[in-house]
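Below: one structure, written as structure tokens.
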Amino acid sequence: MKSNEIDIHKELKRYFGFEQFKGLQEQVIKNIVAQKNTFVIMPTGGGKSLCYQLPALIQAGTAIVVSPLIALMKNQVDAIRSVSSENGVAHVLNSSLNKTEIAQVKKDIVSGLTKLLYVAPESLTKEEYVEFLQSVPISFVAIDEAHCISEWGHDFRPEYRNLRNIIKQLGDVPMIGLTATATPKVQEDILKNLDMVEAEVFKASFNRPNLYYEIRTKTKNIDGDIIRFIKQNKGKSGIIYCLSRKKVEEIAELLQVNGISAVPYHAGLDAKTRAKHQDMFLMEDVDVVVATIAFGMGIDKPDVRFVIHHDIPKSLESYYQETGRAGRDGGEGHCLAYYAYKDVEKLEKFMSGKPVAEQEIGFALLQEVVAYAETSMSRRKFLLHYFGESFDDETGEGADMDDNVRNPKQKIEAQKNAVKLIEVVRDTKHLYKSKEIVYTLIGKVNATIKAHRTDTQKFFGSGSDQEERYWMALIRQVLVAGYLHKDIETYGILKVSEKGLDYLKNPVSFMMTEDHEYPEQDDEALVVASKSSGTADETLMGMLKDLRKKVSKKLGVPPFVVFQDPSLEDMALKYPINIDELSNVHGVGEGKAKKYGQEFVSLIKQYVEENDIIRPDDLVVKSIGANSSSKLYIIQNIDRKLSLVDIASAKGMTMDALLKEMEQIVYAGTKLNIEYWVNDLLDEDQQAEIHDYFMESESDRIEDALKEFDGDYDIEELRLMRIKFISEVAN
């Protein structure tokens with residue numbers, strides 16, 4: 001074995017230029033070279049691919065690597081080709097190849113040149129490929145992303161289920177399963193399904209001590225919060241994950257408008273755009289990529305400094321894998337997720353159309369995410385426990401790297417209740433999942449409890465002095481302490497462990513942390529909060545009104561044409577000191593800011609300096625306007641002189657809603673030429689009469705105009721004329 005040892009070190013240096021192996025790599029490679037079945041569980045960034053790449057390069061024959069993602073295969077093939085003088089050393093065999101390319105691949109394999117052949121699971125089911133592979137020497141088969149085999153994995157793919165049968169047809173070749181995330185349940189599933197229960201299992205620690213975990217309540221002001229966070233981390237690389245493509249587009253646009261270089265990435269974009277955006281991120285042409293989970297597999301960017309989850313993910317596996325893209329170089333990595341129970345309900349709704357078995361699994365995985373988000377114990381300890389690893393939250397590496405540890409919640413003695421809980425699990429004969437155990441404790445009946453007649457037992461309702469939330473939190477913490485465990489076969493069912501039985505004989509203090517409460521914020525409360533959090537600076541407001549009067553006199557237009565009152569109030573709240581910031585003020589667009597803004601920002605700048613005012617820069621979050629696309633649609637179609645009635649119905653709007661949109665457009669400084677429409681409604685004299693009224697009026701209020709004309713014109717006519725007037729006079 002000694003010579004073999006020297007060999008693999010020498011080969012490591014020869015092919016990859018490394019002096020030594022990382023973590024478990026050396027043991028894994030020795031096991032593979034010894035032709036043994038091997039199962040590798042290694043977190044993202046732990047050097048998983050080298051475990052099969054090196055043995056493939058130094059052994060006779062071709063190694064087959066099954067991988068679910070075409071983009072990932074391409075990256076790996078490029079990487080292997082770069083360490084060899086021969087292009088044919090690694091190949092891809094999938095649906096993207098033409099006949100000539102397939103012939104070349106086969107030729108290189110037959111000649112013994114190809115050491116690694118990457119295939120999609122679908123390709124392996126093709127008879128012609130199986131027949132061909134039976135005729136050439138195969139060194140081993142590696143199954144990457146092996147969690148795809150398990151229905152309990154976060155990325156289940158049915159075509160993975162049949163791999164074992166196909167591999168058997170290739171003869172007695174060793175197998176290597178590799179995954180970056182696997183709970184004990186998934187591990188067992190993979191080994192059983194690949195029929196390699198006797199395989200040597202190598203499991204690296206899942207602890208990433210350099211990552212800081214934080215969960216924040218998701219409120220209506222999440223956009224401002226994200227922008228503030230990114231601006232505090234200026235120039236650093238980050239990923240923002242969203243669940244829907246629509247949200248990805250919105251957030252990317254929002255960041256761009258706020259001066260943050262960002263691109264969107266999702267499966268709805270064409271392959272060329274996706275590749276371009278991925279490269280821009282890798283090459284640091286942009287700081288942030290906003291993505292669905294379609295992004296990130298095989299992204300090997302070592303210096304991602306933050307990963308934000310705009311929406312809570314569907315499972316802790318996904319969460320672990322996505323946060324694991326931060327800080328791969330060992331430097332800082334901030335993992336921030338926004339949580340609202342509403343999102344969880346949305347995900348549950350998505351699942352309702354799926355087969356019952358799949359739904360059950362989905363719900364169980366989601367409940368783990370809820371538990372993680374709401375827990376007040378060490379998040380790292382919780383996460384590692386989920387992956388079957390214990391962690392000392394006082395001395396472990398990275399112990400203080402999460403929000404719960406840095407801002408600990410109150411702990412309460414729960415020894416008596418811990419005993420009560422463990423006894424109920426024991427006395428209900430290990431039949432129930434957490435929900436039924438909690439119902440039994442608080443005395444709530446459901447069909448399952450009724451069927452087992454648990455409601456007739458003397459312990460039924462014995463914990464009704466505490467709320468449901470309390471017992472749920474206690475179950476989570478007792479599980480992590482190891483007094484209870486979840487059964488692997490019937491996932492989710494609670495059982496008392498040996499340690500738990502000992503605890504019942506000799507109970508000791510059990511300090512429990514209270515769970516977080518994540519309030520559901522209603523719109524009403526938020527409106528009040530945002531109004532009370534800022535009142536306009538009265539002194540500045542007076543000065544701005546005086547300036548507006550002066551400007552309007554000079555231009556010979558009414559004051560409201562320059563800026564409306566709500567815009568001045570917003571200026572006196574946000575203190576914009578340049579044109580860019582001004583164009584972000586309520587009711588002021590870029591056009592208007594450029595046309596009238598200079599004197600106003602100069603005045604505000606001087607006022608801020610003279611009075612030492614600290615500007616609330618976080619208030620200046622530019623919005624893209626929820627309906628920026630409909631605004632664009634309106635502008636373009638008015639340019640084409642389309643009927644306003646048609647424009648409204650095409651957008652599913654009432655006429656009133658359309659006029660509101662048009663008013664916002666012209667008040668923000670964009671011209672709308674609606675002469676073609678107004679000419680059909682009002683003759684020249686009527687138009688002149690209303691135009692003169694607005695020109696001389698102190699106010700642009702429609703109520704005042706209605707009074708003035710006393711029934712001569714209806715509201716719609718006056719609003720249209722006001723739009724025409726502002727467009728012509730102000731813009």
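This chain uses plain numbering: 1 for the first residue, then up along the sequence.
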Exam field: side chain N637 to backbone I647, donor-acceptor pair closer than 3.5 Å:
no
Using modelled atom types only, decide if a donor and an acceptor are shared between the side chain of K231 and the backbone of N258 within a distance under 3.5 Å. yes
With the threshold set at 4.0 Å, does a side-chain nitrogen-carboxylate oxygen contact exist between E374 and R469? no
| Quick one: does Y338's side chain get under 4.5 Å of I226's, heavy atoms only? | yes
field: Side chain proximity check, E249 to R245, heavy atoms < 4.5 angstrom
entry: no
Nearest heavy-atom contact between I635 and T670 is CD1-CG2, 4.1 Å
d(I312 CD1, Y241 OH) to nearest 0.5 Å is 14.5 Å
Interatomic distance, CG@L336 vs OG1@T323, rounded to 0.5 Å, equals 12.0 Å
Strictly below 4.0 Å, N to O, side chains only: are E250 and K247 in salt-bridge contact?
yes
K641 and D639 ion-paired at < 4.0 Å
no
Ring-ring centroid check Y265 F281, cutoff 6.0 Å:
no
When every non-hydrogen atom of A326 is compared with those of V307, the smallest separation belongs to CB-CG2, 3.8 Å
Does K276, at its NZ atom, have more than 12 non-hydrogen atoms belonging to other residues, nucleotides or ligands within less than 6.0 Å?
no
Query raised in the report: In this structure, are over 12 heavy atoms from other groups packed under 6.0 Å from I715 atom CD1?
Result: no
| message | In the structure I gave you, are the side-chain heavy atoms of K346 and L243 within less than 4.5 Å of one another anywhere? | response | no
Before you tell me yes or no, could you show the steps for F600 and L568 under side chain to side chain contact (heavy atoms under 4.5 Å, CB included), namely the whole-Å CA-CA distance, both residues' side-chain angles and the distance that decides it to 0.1 Å? CA-CA 10 Å; F600 287 83; L568 293 188; 4.2 Å; yes
Using atom types as modelled and distance alone, determine if a side-chain donor or acceptor of D683 lies under 3.5 Å from a backbone N or O of Q686. yes
Fill in: Non-hydrogen side-chain atoms of R548 and Y596 separated by less than 4.5 Å
no
Note to self: Between V601 and E581, does the side chain to side chain contact (heavy atoms under 4.5 Å, CB included) criterion hold? Intermediate values first, please.
What the structure shows: CA-CA 9 Å; V601 290; E581 289 179 2; over 6 Å; no
Any side-chain heavy-atom pair of Y713 and M721 under 4.5 Å = no
> Do K234 and D287 meet the salt-bridge criterion of a basic N to acidic O distance under 4.0 Å?
Replying inline: no
- request: Determine the interplanar angle of the Y319 and Y213 rings, folded into 0 to 90°, and report it as parallel if under 30°, tilted if 30 to 60°, perpendicular if over 60°.
  value: tilted
K549/D546 salt bridge by N-O under 4.0 Å criterion: no
(request) Taking only Lys NZ, Arg NE, NH1 and NH2, and the carboxylate oxygens of Asp or Glu, determine whether D656 and K660 approach each other closer than 4.0 Å. (result) yes
In short, R274 meets L269 closest at the heavy-atom pair NH1-O, 2.7 Å
Only residue of V288, I308, V290 satisfying side-chain contact (heavy atoms from CB on, under 4.5 Å) with I251 is V290
In terms of heavy-atom contacts, P264 and V248 come closest through CB-CG1, 3.7 Å
- Output yes when R305 and D329 qualify as a salt bridge under the 4.0 Å nitrogen-oxygen rule, no when they do not. yes
Between the main-chain N or O of F560 and the side-chain N or O of D700, is there a donor-acceptor pair closer than 3.5 Å? no
**Asked** With a 4.5 Å heavy-atom cut-off, do F694 and V561 have their side chains touching?
**Response** no
E214 and R406 ion-paired at < 4.0 Å
no
### Query
Do the non-hydrogen side-chain atoms of H691 and K724 ever get within less than 4.5 Å of each other?
no
Is there a donor-acceptor pair closer than 3.5 Å between any side-chain N or O of E332 and the backbone N or O of G327?
-> no
*Decide if atom CD of E703 counts as having more than 12 heavy atoms of other residues, nucleotides or ligands within a radius under 6.0 Å.*
yes
Worksheet item: So, N578 side chain and D580 main chain: donor-acceptor pair closer than 3.5 Å or not?
Response: yes
With side chain to side chain contact (heavy atoms under 4.5 Å, CB included) as the criterion, how do F306 and I230 come out once you've worked through the C-alpha distance, each side chain's angles and the decisive distance to 0.1 Å? CA-CA 9 Å; F306 58 87; I230 296 173; 4.0 Å; yes
_Within a 6.0 Å radius of atom CD on E689, are there more than 12 heavy atoms belonging to other residues, nucleotides or ligands?_
yes
### Query
With side chains defined as the heavy atoms from C-beta onward, is the minimum distance between I604 and P576 less than 4.5 Å?
yes
